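Only a predicted model underlies this, so the values are computations on that prediction, with no experimental measurement involved. Chain letters run A, B, ... following the sequence lines, proteins first and then strands; every chain starts at 1.
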Amino acid sequence: MAVSDTSPVRVRIAPSPTGFAHLGTASTTLYNVLFARANAGTFALRIDDTDVERNREEYERLIYEALQWLGFEWDEGPDKGGPYGPYRQSERLDLYREAAARLIAESNAYRCFCTPEELDAERKQALAEHRPYVYSRRCLTNPPAGRTVFTVRFHVPGGEVKFTDMVRGEMTFDSDLFGDFIIIKSDGYPTYNFASPVDDAAMHITHVIRGEEHLPNTPYQLLVIDALGFMRPQAFAHMPLILAPDGGKLSKRKHPEANLVLYREQGYLPEAMVNYLALLGWNPGTEREIFTLDELIAEFSFDRVQHGGARFDRKKLDWIDGEYIRALDDDDLTTRLAAFLPELDEATIKRAAPALKTRMRTLGEAKTLLEYLWTDPLPPELSPEDRQRVKAAAVALSLVQHWDPAPIHDVLMPVVEASGLGPNATFMPIRLAVTGKKISPPIDYTLALLPKDVAMARITRSIQ
RNA sequence: GGCCCCGUCGUCUAGUGGCCUAGGACGCAGCCCUCUCAAGGCUGAGAUCGCGGGUUCGAAUCCCGCCGGGGCUACCA
């Protein structure tokens, strides 16, 4: 999707380092990247770390790692610098203080000395009287004397706030319903609804693309920008939320599956993840489901994004991931599998690749399929009939010169025919002897992946 | 409670007044293929389009009301 406008497109994501990297962050990043690339724009990463209590430095690193894993690259950020740095809000405190001071000087903001307890009482009373809560403005008209701890509140002027949302169209909010909100906390740090618009303006952000939970915040932020005389972003895009299977918002606390690194650890392919995320809340208008990032950049448009939240469906992700795995060539699959199969050398993994390909939905599943290669299964209890057939197979197998699937297959088929039964009668007991499992790739592959002597030893052992 | 967003198969969705006896995908079931498991092919079950009123010759599509879900309502972001 491309928009034509004079100023170059600049977008940003602004995650908070308050926990593991979240699926929602990946989703928001994806849409920002799609829009930026389609418009030859700039994509910036800003760290919104104004919550002193919850921020942790390692969480910032987690965000970088997760986004890099997905193949997203930012043009500006704390680690890369850029013309509008610093890109960490904790390093931009002077900017917010100056802006707040100006707002106070111009009577667009004021100091508030109310204690959290007093505020809480106000809120509870409003609730008891079934009245919508807005701050009483006590400190605007009659501040209590002799107090030193204060916050700074924005003086909401009232009136309508309008803006363009690329997903939902023209939005209008009535700011008469807003209370005077806090812009500087008592610890001197700015609140989100203050720091975010100040930075968006300072960083010349042209399009704000973020999750739907920010839709009600937008008019507050616009009020701040207007009071400061800054330039507003041209447009916003509020993307549908990713919902948990129970229909609620995916939260870090309640839903460990919202953790991005989990998907890397389980062996999902990043491009499959991106593909699935794109389909959650957006559809191309065709029946196509598999898209590369470049194809998404070309196809994506905000007018085809859903307005309601979408539940995260692991089964569908699994299917897409399987599609991507099947499409990989053997070398690529081998390289990616290496980290999941530390017990095996690359040559072995590559030999197994063709047989593995149609049997995995995630790279992590390779382990179950191949662990017989480095573990020693218990010999199975075979019936006398099974033993007979396995014995015949063992004799035939011992003659095989080149221990490869094709020769193994050739030598086994006469044994099957001689048994007068179907292949399974011969192959299943061999499978059990060699892998300890009832499920494996075709028996010729299964045998060939093992060194001949090891395979023969397991077979022989089972018929003793 | 207030403000905002949303409401089509279990899930993600197509659908913008007649092409809809509502299409696709995942999942599910069955069959085929087959040495097991997958993959692949075919078939099927599954949505009175949240409910009730309108408007119209005709509504999933337009209007109103209700109900339901979600988000925000913090000195979190």
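Distances were taken from every side-chain heavy atom of A:D313 (C-beta onward) to each of B:rC35, B:rC5, B:rU11; the shortest belongs to B:rU11. Closest approach to the A:R359 side chain among B:rC35, B:rG23, B:rA38 is made by B:rA38 (side chain taken as heavy atoms from C-beta onward). You'll find that the side chain of A:Q306 is closest to B:rU13, out of B:rC35, B:rC37, B:rU13. Out of B:rU36, B:rG40, B:rC35, the shortest distance to the side chain of A:E323 is found at B:rG40.
Between B:rC12 and B:rC28, the two C1' atoms lie 16 Å apart (nearest whole Å). Using atom C1' as the reference point in both B:rG27 and B:rA45, the two lie 13 Å apart (nearest Å). Taking the C1' atoms as reference points, B:rC9 lies 12 Å from B:rC26, given to the whole Å. Comparing B:rG54 with B:rU61, their P atoms sit 15 Å apart, to the nearest whole Å. Between the C1' atoms of B:rU8 and B:rA59, the separation comes to 14 Å (whole Å). Comparing the P positions of B:rG15 and B:rG24 gives a spacing of 15 Å, expressed to the nearest Å.
A:K124 has no carboxylate O lying under 4.0 Å from a charged side-chain N of A:E117, or vice versa, which leaves the two without a salt bridge. We find that A:D404 and A:R351 are joined by a salt bridge, their nearest charged nitrogen and carboxylate oxygen being less than 4.0 Å apart. Ion pairing between A:R88 and A:E60 holds under the 4.0 Å rule for side-chain N and carboxylate O.
Summarising the geometry, the separation between CE on A:M413 and C1' on B:rC35 is reported as 8 Å, rounded to the nearest angstrom. Distance, A:L280 CG to B:rC6 C1': 16 Å, rounded to whole Å. In this structure, CZ of A:R288 is placed 17 Å from C1' of B:rU13, rounded to the nearest angstrom. Look at OH on A:Y372: it is 13 Å from C1' on B:rC37, rounded to the nearest Å. When rounded to the nearest whole Å, the span between CZ of A:F163 and P of B:rC4 equals 12 Å.
Base-pair partner of B:rU11: B:rA25 (Watson-Crick or G-U wobble, both distances under 3.5 Å). Figure legend. B:rG65 is base-paired to B:rC51; pairs are counted as Watson-Crick or G-U wobble with both atom distances under 3.5 Å.
Aromatic ring centroids of A:F181 and A:Y135 lie 6.0 Å or more apart.
For the residue pair A:T362/A:D321, the side-chain donor-acceptor check at 3.5 Å is not satisfied.
Between A:G285 and A:K316, it is A:G285 whose nearest contact on RNA chain B lies nearer the 5' terminus. Take the nearest nucleotide of RNA chain B for A:I443 and for A:L279: the residue whose nucleotide is more 5' is A:L279.
Counting any heavy atom pair closer than 4.0 Å across all strands shown, A:L127 reaches no nucleic acid atom. If you check every strand for non-hydrogen atoms under 4.0 Å, A:K438 touches a base. Residue A:G179 is out of contact with every strand shown, counting any heavy-atom pair closer than 4.0 Å. Using a 4.0 Å heavy-atom criterion, one finds that A:R361 contacts no nucleic acid atom at all. Nucleic acid contact class of A:F312 (heavy atoms, under 4.0 Å, all strands): none. Across all strands shown, A:D174 has no heavy atoms under 4.0 Å from either base or sugar-phosphate atoms.
Within the structure, every pair that satisfies the salt bridge (charged side-chain N to carboxylate O under 4.0 Å, His left out) test and touches residues 421-442 of chain A, not counting sequence neighbours, is listed here: A:E371-A:K437.
One finds no side-chain N or O of A:H307 lying less than 4.0 angstrom from the OP1 or OP2 phosphate oxygen of B:rC5. Within the structure, every side-chain polar atom (N or O) of A:N424 is placed at least 4.0 Å from both OP1 and OP2 of B:rU36.
Under the side-chain contact (heavy atoms from CB on, under 4.5 Å) criterion, A:R336 pairs with A:L269, A:P270, A:E271, A:L328, A:D332, A:L363, sequence neighbours left out.
In this structure, the separation between OH on A:Y276 and CH2 on A:W319 is 12.0 Å, given to the nearest 0.5 Å. Atom OH of A:Y87 is separated from atom CZ of A:R46 by 10.5 Å, given to the nearest 0.5 angstrom.
One cannot find a donor-acceptor pair under 3.5 Å joining the base of B:rC5 and the side-chain atoms of A:R168.
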Discussion item. Across nucleotides 69-77 of chain B, 5' to 3', mark each nucleotide with B, S or - according to how protein heavy atoms within less than 4.0 Å reach it.
Written reply: -SBS-SBBB
